[in-house]
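Below: one structure, written as structure tokens.
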Amino acid sequence: MKTVACVVGARPNFMKVAPILRQIEASSGLDAWLIHTGQHYDNNLSGQFFRDLEIGAPEDDLGVGSGSHAVQTARVMTALDSLFDQRTPDVVLVVGDVNSTLAAALVASKRQIPVIHVEAGLRSFDRTMPEEINRILTDRVSDLLFVTEQSGVENLRDEGIAEDRAHLVGNVMIDSLFHARSGAIPAHETIARAGENDDPPERFALLTLHRPSNVDSPEVFGPLLDALNEISKSLPIVFPVHPRTRAALDRHGLTGADGEPGILMTEPVSYFEMVGLLHDAALVLTDSGGLQEESSALGIPCLTLRENTERPVTVSHGTNVVVGNTPDAVRAAFARFTAGDHATGSIPPLWDGRAAERIVRVIENWI
């Protein structure tokens, strides 16, 4: 049996690795070793997701916690290097683009352990995004790269990565989404519980914000909240607040959304709750890459509150529109949505819930 160390650190990683773990468990030649770096350590961002995704507790939790990008990356590298002194896997598999992804890829590469990157090749072409740096560097040191959309294949080819190392397999996030639909918690239950309201709105928008470009500066975040408050008067907004965003609200003294009749701010929700909210939403407003993908897979209109996206297939094939984060742009995009002018789209190629099967089949043959 060959040991595949699967390293995860943040909530999006958990959804991406879950279907891969299920397929590895069904394999006769592979054995999974799940390592959690502890980059997301809040129960609502970590523990609850392991339970919802039915992947069990990690064998090892490095407990690195929060910190600056440099501190967090260094802590993961140091802890993982020590762990690999005790036990060396045959390959290291990383997913996504968080600090833990890059840290694990660097440690494995320096130890001459082959690296597999799932969700390779995505590019926003915006190097002010920490995730973009993580993507580029992880791909450079990876030996096997699994890609979610054709643009990723083209990006890797343009960067000189050998074509036989890259495989277009589809999107494991969609594997998890389809797997979770039967257990999704209806949105009205989550909304009623969070708002202590026995009569929650039947039609609502789902909002998530956590990118530094949106929440770190009060000059950006404040006017953006004002625009969202205006939108909420026409369409109620459910807003699960990321801990980073909550801290920014407190730090900047921005409380305009809290208590507004049309905006319900909640604590982070479980995966099944999020899938239920997404499934029942009339509109998604987000700066999250994952929600761009999931809304496209479910046919829910999505307005991305960023200037770019590393997932262009959600625009060309899906339901996503990149609108930026200025108040006027957000208001104008919502006005178009209200008028019925929004992308309907289709499910992108290979987003069929079977990406993990393809990934594990390639790994078995490659290893």
[Y] versus [X], side-chain donor and acceptor atoms under 3.5 Å:
X      : Y      : result
Gln292 : Thr309 : yes
Asn171 : Thr148 : no
Ser151 : Glu154 : no
His69  : Asn99  : yes
Asp60  : Trp33  : yes
Asn320 : Ser296 : no
Thr128 : Asp126 : yes

Has the side chain of [X] got a donor or acceptor atom that lies under 3.5 Å from a matching backbone atom of [Y]?
X      : Y      : answer
Thr245 : Val241 : no
Thr208 : Thr286 : no
Arg244 : His210 : yes
Asp341 : Phe337 : no
Tyr271 : Leu177 : yes
Arg165 : Ser142 : yes
Arg211 : Asp287 : yes

Is the number of heavy atoms from other residues, nucleotides or ligands within 6.0 Å of CD (Glu202) greater than 12? no
Evaluate whether atom CZ of Arg354 has more than 12 neighbouring non-hydrogen atoms of other residues, nucleotides or ligands under 6.0 angstrom away. no
Reported [atom1]-to-[atom2] distance for the pair [X] and [Y], which is rounded to 0.5 angstrom:
X      : Y      : atom1 : atom2 : result
Ser234 : Arg203 : OG    : CZ    : 10.0 Å
Ile174 : Glu294 : CD1   : CD    : 6.0 Å
Asp52  : His179 : CG    : NE2   : 10.5 Å
Met265 : Arg246 : CE    : CZ    : 4.5 Å

Lys/Arg cation over aromatic Phe14: Arg11, 6.0 Å, 45° cone: no
Could you walk me through whether Glu119 and Arg135 pass salt bridge (charged side-chain N to carboxylate O under 4.0 Å, His left out), step by step? CA-CA 9 Å; Glu119 200 184 73; Arg135 295 179 200 118; 5.9 Å; no
From the list Glu131, Glu293, Glu149, salt bridge (Lys or Arg N to Asp or Glu O under 4.0 Å) partner of Arg311 resolves to Glu293
Apply side-chain contact (heavy atoms from CB on, under 4.5 Å) to the pair Arg140 and Ile161, showing each step before the final yes or no. CA-CA 8 Å; Arg140 295 307 300 180; Ile161 292 175; 3.7 Å; yes
If you apply the rule salt bridge (charged side-chain N to carboxylate O under 4.0 Å, His left out), what do you find for Asp158 with Arg123, and how did you get there? CA-CA 12 Å; Asp158 291 345; Arg123 298 290 183 268; over 6 Å; no
Are Val323 and Arg306 close enough, and set up right, to give a side-chain contact (heavy atoms from CB on, under 4.5 Å), and what steps lead you there? CA-CA 6 Å; Val323 302; Arg306 289 167 44 188; over 6 Å; no
Carboxylate-amine/guanidinium contact Arg22 Glu25, below 4.0 Å: no
Applying side chain to side chain donor-acceptor pair (under 3.5 Å) to Asn325 and Asn214, what does each step give before you reach the verdict? CA-CA 7 Å; Asn325 63 358; Asn214 280 331; 2.8 Å; yes
So which of Val94, Val8, Val172 actually passes side chain to side chain contact (heavy atoms under 4.5 Å, CB included) with Lys16? Val172
